[in-house]
Amino acid sequence: MSIIKTNEEVAVQRHSALMVSATLTEVAKILKPGITTLEIDTYAEQFIRDNGGIPSFKGYGGPRNPFPFSLCISVNDAVVHGLPGKYELKDGDIVTIDCGVYKNKFHGDHAYTFIMGEVEQKVLDLVRITKESLYKGIEQAVVGKKTGDIGWAIEQHTYGKHGYGVVRELVGHGVGREMHEDPQVPNYGRKGYGKKLLENMVLAIEPMINLGTRHVYTADDGWTILTQDGSPSVHFEHDVCVKRGKPEILSDYTEIEKAETANPNLNTSYYTL
Ligand code: MG
Ligand code: MG
């Protein structure tokens, strides 16, 4: 199966990506201290199904260890793949919500990190710089570049400029009829190396950046990836179509950011730094 999409397929996939954006927007409206991560997951699953989608993550990983939920909710030192449960969000948490939607035979897969209330300046900076690094990576997603150019751009902006830990065990990826397709898109790399980017490849570009060490481990639940030193971690992800000259971002943060700004429980002060 080709990882190069037709323009028609990209249009269909954009719809799935935007359903993820809409789901994350709904989530941004309900985040508050005291809400459990399971309540957030239940709400998101209902929203996805009400809109004719299927949560891509639910059951992912096969019969031996299927992912049991619709969202990955990764709080503080959890990098990715956090399991929704009884944990109640509180002021000072940073909360990464990763969501996948399958509709019309294509997956959308993207993620956003929210800040609950007051956090230290260094955490605000980590969130801002990680988000910036996502767009630095996206700029490279054009014909003529390689996956290493994306990784290089993300790594330069995070580790290079700020000494942050760039997670290596998990990487971005192609996304389409399968949630994880070729090529892999690491968040580190060398300019001019890696897989060639071709027109109409769709990539999930997703920096996972730690305030401290880049090293991570898997929790006893078999899913949650945590930073080894307990430092906070941030994750932003967009679905991006490789084009000539200028990449096309299929997912959209506009409404998420509006909902985030309108929610008094969420901290967006880094927007104006
Ligand atoms: Mg994701
Ligand atoms: Mg992904």
Side-chain angles (χ1 to χ4, degrees), residues 1 3 12-13 15-24 26-27 30-31 35-89 95-114 167-187 202-206 208 216-227 233 235-239 250-251:
M1 199 170 288
I3 56 169
V12 172
Q13 192 174 1
H15 186 72
S16 301
L18 290 176
M19 266 198 59
V20 176
S21 311
T23 307
L24 293 175
E26 293 309 304
V27 165
I30 63 161
L31 293 180
I35 193 169
T36 68
T37 51
L38 184 60
E39 286 171 320
I40 299 166
D41 184 76
T42 304
Y43 187 82
E45 177 170 3
Q46 194 60 49
F47 180 81
I48 293 167
R49 295 196 189 277
D50 285 349
N51 286 280
I54 295 169
S56 303
F57 297 175
K58 205 159 195 175
Y60 185 85
R64 277 186 57 218
N65 188 22
F67 190 81
F69 299 102
S70 298
L71 302 177
C72 296
I73 306 184
S74 308
V75 182
N76 298 333
D77 61 334
V79 180
V80 286
H81 302 173
L83 295 176
K86 282 184 281 192
Y87 181 80
E88 294 179 8
L89 295 185
V95 188
T96 296
I97 315 254
D98 196 349
C99 178
V101 168
Y102 183 71
K103 194 175 177 186
N104 301 322
K105 300 195 162 64
F106 283 89
H107 292 274
D109 166 25
H110 78 103
Y112 198 92
T113 297
F114 298 97
V167 175
R168 293 185 166 221
E169 286 81 352
L170 299 124
V171 296
H173 51 92
V175 57
R177 292 178 190 273
E178 303 292 332
M179 194 167 64
H180 293 119
E181 296 181 345
D182 286 337
Q184 292 201 343
V185 186
N187 295 306
V202 176
L203 306 175
I205 299 178
E206 48 177 320
M208 291 158 250
V216 296
Y217 69 99
T218 306
D220 292 338
D221 64 23
W223 283 103
T224 313
I225 306 293
L226 297 155
T227 60
S233 184
H235 176 216
F236 284 95
E237 178 178 25
H238 263 316
D239 296 331
L250 303 184
S251 41

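- The distance from the CG atom of D98 to the CD atom of E237 is 5.0 Å, given to the nearest 0.5 Å.
- Annotation: the span from H235 atom NE2 to L170 atom CG amounts to 8.5 Å, rounded to 0.5 Å.
- The residue from D41, T113, L24 that alone fulfils the side chain to side chain contact (heavy atoms under 4.5 Å, CB included) condition with I97 is L24.
- The distance between the ring centers of Y112 and F236 falls below 6.0 angstrom.
- Closest non-hydrogen pair, E206 versus D109, comes out as OE2-OD2, 4.4 Å.
- Two residues are said to be in side-chain contact when any heavy atoms from C-beta on lie closer than 4.5 Å; M19 and K103 meet this criterion.
- Under the 3.5 Å distance criterion, the side-chain polar atoms of Q46 are left unmatched by any main-chain donor or acceptor of Y43.
- When all heavy atoms are compared, the tightest approach of T227 to V79 is CG2-CG2, 3.7 Å.
- At a threshold of 4.5 Å between non-hydrogen side-chain atoms, the residues N65 and W223 count as touching.
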side-chain contact (heavy atoms from CB on, under 4.5 Å) between N104 and H15, worked out | CA-CA 9 Å; N104 301 322; H15 186 72; 4.2 Å; yes
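- For an aromatic pair to be called close, the ring centres must be under 6.0 Å apart, and H107 with Y60 fails this.
- No more than 12 heavy atoms of other residues, nucleotides or ligands shown are found within 6.0 angstrom of CD on Q184.
- Between the CD atom of E26 and the CG atom of D50 there is a distance of 10.5 Å, given to the nearest 0.5 Å.
- Inter-residue side-chain proximity for V216 and L226 is flagged as unmet; no heavy-atom pair is nearer than 4.5 Å.
- The aromatic rings of F57 and F67 lie perpendicular to each other, with more than 60° between the two planes, well past the 30° mark.
- Between C99 and V20, the shortest heavy-atom distance links the atoms O-CG1, 3.4 Å.
- The backbone N or O of S21 sits less than 3.5 Å from a side-chain atom of H110, completing a donor-acceptor pair.
- Residue M208 comes nearest to V80 through the heavy atom pair SD-CG1, 3.8 Å, listed as atom of the first residue, atom of the second, then distance.
- Side-chain N or O atoms of Q13 include one that pairs as donor or acceptor with a backbone N or O of V175 at under 3.5 Å.
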Evaluation steps, side-chain contact (heavy atoms from CB on, under 4.5 Å), between V171 and V185 = CA-CA 6 Å; V171 296; V185 186; 5.8 Å; no
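- Exactly one of T37, L89, I40, V27 qualifies for a side chain to side chain contact (heavy atoms under 4.5 Å, CB included) with V95. That residue is L89.
- The minimum heavy-atom distance between A78 and S233, with the atom names listed, is O-CB, 4.1 Å.
- The OG atom of S56 sits 10.5 Å away from atom CD of E178, with the distance rounded to the nearest 0.5 Å.
- Interatomic distance, CD1 of I225 versus OH of Y217, reported as 10.5 Å (0.5 Å rounding).
- Looking only at distances, no side-chain donor or acceptor of N51 sits under 3.5 Å from a matching main-chain atom of G53.
- If you take OH on Y87 and CG on N76, they are separated by 5.5 Å, rounding to the nearest 0.5 Å.
- Nearest heavy atom pair, residue H238 against residue S251, reads ND1-OG, 2.7 Å.
- For residues 52-78, the set of pairs meeting the salt bridge (Lys or Arg N to Asp or Glu O under 4.0 Å) definition, not counting sequence neighbours, comprises E45-K58.
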